[in-house]
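Throughout, numbering of the chain's residues begins at 1 and tracks the sequence.
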Amino acid sequence: MWQNVVAAPADSILGLTDAFRADTNPHKVNLGVGVYKDEAGRTPILQCVKAAEKLLLEGESSKTYLPISGDPRFAALVQELLFGEGSEVIASGRAATAHAPGGTGALRVGGDLLKKFRPEARVWVSRPTWANHKGVFTTAGFPLGEYAYYDPASRGLDFAGMVADLEKVPAGDIVLLHACCHNPSGVDLNPQQWRQVAKIAADKGWMAFLDFAYQGFGEGVAEDRAGIVAFAEAGLDFFVASSFSKNFGLYNERTGAITVVSPSAAETVVAMSHLKSTIRVIYSNPPAHGGLVVTTVLGDSGLRAQWLEELAAMRERIKAMRTLLVEGLAKRGVPGDFSFITSQRGMFSFSGLSDEVVQWLRREKSIYVVAGGRINLAGLTRGNIDYVCEAIAQALEG
């Protein structure tokens, strides 16, 4: 079967991790894949997660299937995270939420559902965007378009270009938006800009699909939902794909959710029926463990408070690494102003490093950076920051 078939290319990010693992240099540093690392360079299991798993192990009595859409308690708690306690969306029953296998699974479920009812639509993604966004939606059968987002000259948001492009998106099309901690740039919209984008969607008739993979990694759980709130207050149809890989550290549990918001509760009932029929033919029902962990943590006031503390510690560590990187480069007289890195949010930054520099860092110093210069700040530690700064200085000098 495979004799005359060309091998598929390695994933641009996960393939980098494979190369990193095979590297024997004891000083190697992985700044590629989007996984949180602590000061010891490990991806930790949160203490609140450990406590929740202990409770689950002691009380578990069955491994039977979950409902197609997952545990209703999970859905209710996810909606509370998305919209906030006392939200009108929740009170009026305008949201339908299903447990999905990770944020990627949520995106694909949403893509397949939209393809049923908007088969002629185009999906618009930011320029740039997470590479897998394009793969997920083209595989679901959608042609793609791009809208302006990141401005390489200012190292910030090209909001004027973004607005101009979004105003040209045809009615019925789908616009994929990063709810916070934009991947790969780390550049986000502020609440006022989010309200303006939601107004454009209402005026032009396109549908928003918000990818919410990093809630709590920007400014905080409540602050990071500004985009979700803006669309909710506009009373529009929209989709949200959320993930608990980063903010709960549940990477290998593949725990996420797909939420469909409608203008009325009656429409949401219809949306949920089609959401479940879409899930049924893809994976039938979701894996239980990660969702049960999230449900246990969020449903217990003590564990929830502990989670918020641990999440804040991760967020603040990444911010500290941003500052140390900027200070370390300045201390070494590296040409250029890298202060923009401290104004970005989340795990990622467009560092401004060229592909030639990226290749040199990997070849000469075993520092792994994604092509285009995107770096994962969580891969930096106080133990490797000087090595990385020295290497970048050498690369730019050469």
Side-chain angles (χ1 to χ4, degrees), residues 82 89 103 106-107 110-111 113-115 117-138 140-215 218 223-242 258-263 344-346 348 350:
L82 292 180
V89 171
L107 289 166
L113 177 56
L114 285 165
K115 189 63 179 176
F117 299 102
R118 297 202 171 182
E120 303 304 318
R122 181 180 297 270
V123 172
W124 297 79
V125 299
S126 64
R127 187 171 59 247
T129 193
W130 179 48
N132 210 29
H133 278 154
K134 296 181 178 181
V136 167
F137 287 98
T138 55
F142 288 102
L144 300 179
E146 290 186 331
Y147 59 89
Y149 190 87
Y150 179 73
D151 177 13
S154 68
R155 308 278 199 237
L157 179 67
D158 178 10
F159 189 63
M162 181 182 182
V163 166
D165 285 350
L166 293 183
E167 287 181 338
K168 298 173 187 174
V169 173
D173 276 6
I174 301 148
V175 175
L176 184 66
L177 298 156
H178 298 238
C180 74
C181 304
H182 183 272
N183 180 3
S185 74
V187 175
D188 286 346
L189 280 68
N190 63 39
Q192 182 180 354
Q193 290 169 331
W194 274 118
R195 288 191 290 272
Q196 188 172 343
V197 169
K199 186 178 185 305
I200 294 171
D203 292 344
K204 299 300 179 180
W206 49 258
M207 179 180 284
F209 195 146
L210 291 100
D211 187 354
F212 205 7
Y214 302 97
Q215 185 175 12
E223 295 86 345
D224 291 349
R225 67 167 75 106
I228 310 295
V229 171
F231 278 91
E233 290 178 346
L236 302 172
D237 288 287
F238 67 99
F239 283 43
V240 183
S242 44
I258 175 70
T259 298
V260 183
V261 184
S262 306
Q344 297 167 349
R345 289 295 173 259
F348 303 113
F350 258 179

Would you name the heavy atoms of [X] and [Y] that are closest together and state the gap between them?
X: Ala241; Y: Ala106; value: CB-CB, 3.7 Å
X: Leu166; Y: Trp206; value: O-NE1, 3.1 Å
X: Leu82; Y: Arg225; value: O-CD, 3.2 Å
X: Tyr214; Y: Cys180; value: O-SG, 3.6 Å
X: Phe117; Y: Leu113; value: CD1-O, 3.5 Å
X: Ser126; Y: Pro128; value: OG-O, 2.6 Å

I want to check something: taking the side chain as every heavy atom from C-beta on, are [X] and [Y] in contact at a cut-off of under 4.5 Å?
X: Asp211; Y: His133; value: yes
X: Val261; Y: Thr259; value: yes
X: Leu189; Y: His182; value: no
X: Leu236; Y: Met207; value: no

Criterion side-chain contact (heavy atoms from CB on, under 4.5 Å) against Phe231, the qualifying member of Leu177, Asp237, Val89 = Leu177
request  = Over 60° means perpendicular and under 30° means parallel, so classify the ring planes of Tyr150 and Phe350, tilted if in between.
outcome  = perpendicular
request  = Could I get the full list of salt bridge (Lys or Arg N to Asp or Glu O under 4.0 Å) partners for Arg345, not counting sequence neighbours?
outcome  = Glu219
Between [X] and [Y] (side chain of the first, backbone of the second, donor and acceptor by atom type, cut-off under 3.5 Å), is there such a pair?
X: Thr129; Y: Val125; value: no
X: Asp224; Y: Gly218; value: yes
X: Asp173; Y: Arg122; value: yes
X: Tyr147; Y: Gly161; value: no
X: Arg118; Y: Lys115; value: no
X: Asp188; Y: Cys181; value: yes
X: Tyr149; Y: Val187; value: yes

query = Going through the distances and angles, do Leu157 and Gln193 end up as a side chain to side chain contact (heavy atoms under 4.5 Å, CB included)?
reply = CA-CA 11 Å; Leu157 179 67; Gln193 290 169 331; 3.7 Å; yes
inquiry  = Test side chain to side chain contact (heavy atoms under 4.5 Å, CB included) on Phe209 and Leu114; report intermediate values, then the result.
reply    = CA-CA 10 Å; Phe209 195 146; Leu114 285 165; 3.7 Å; yes
Show me, pair by pair, the donor-acceptor contacts under 3.5 angstrom made by side chains of residues 195-205, not counting sequence neighbours?
{"from": "Lys199", "atom 1": "NZ", "to": "Asp203", "atom 2": "OD2", "distance (Å)": "2.8"}

note = OG (Ser185) and CG (Asp151) are apart, to the nearest 0.5 Å, by 11.0 Å
remark   = dist Ser262:OG -> Phe239:CZ (nearest 0.5 Å) comes out at 8.0 Å
key: Asn183 side chain to His178 side chain, donor-acceptor N/O pair below 3.5 angstrom   = no
request  = Apply side chain to side chain contact (heavy atoms under 4.5 Å, CB included) to the pair Phe212 and Ile228, showing each step before the final yes or no.
outcome  = CA-CA 9 Å; Phe212 205 7; Ile228 310 295; 3.8 Å; yes
inquiry  = Working note: Phe137 + Leu144, criterion side chain to side chain contact (heavy atoms under 4.5 Å, CB included); need CA distance, chi angles, decisive distance, verdict.
reply    = CA-CA 8 Å; Phe137 287 98; Leu144 300 179; 4.1 Å; yes
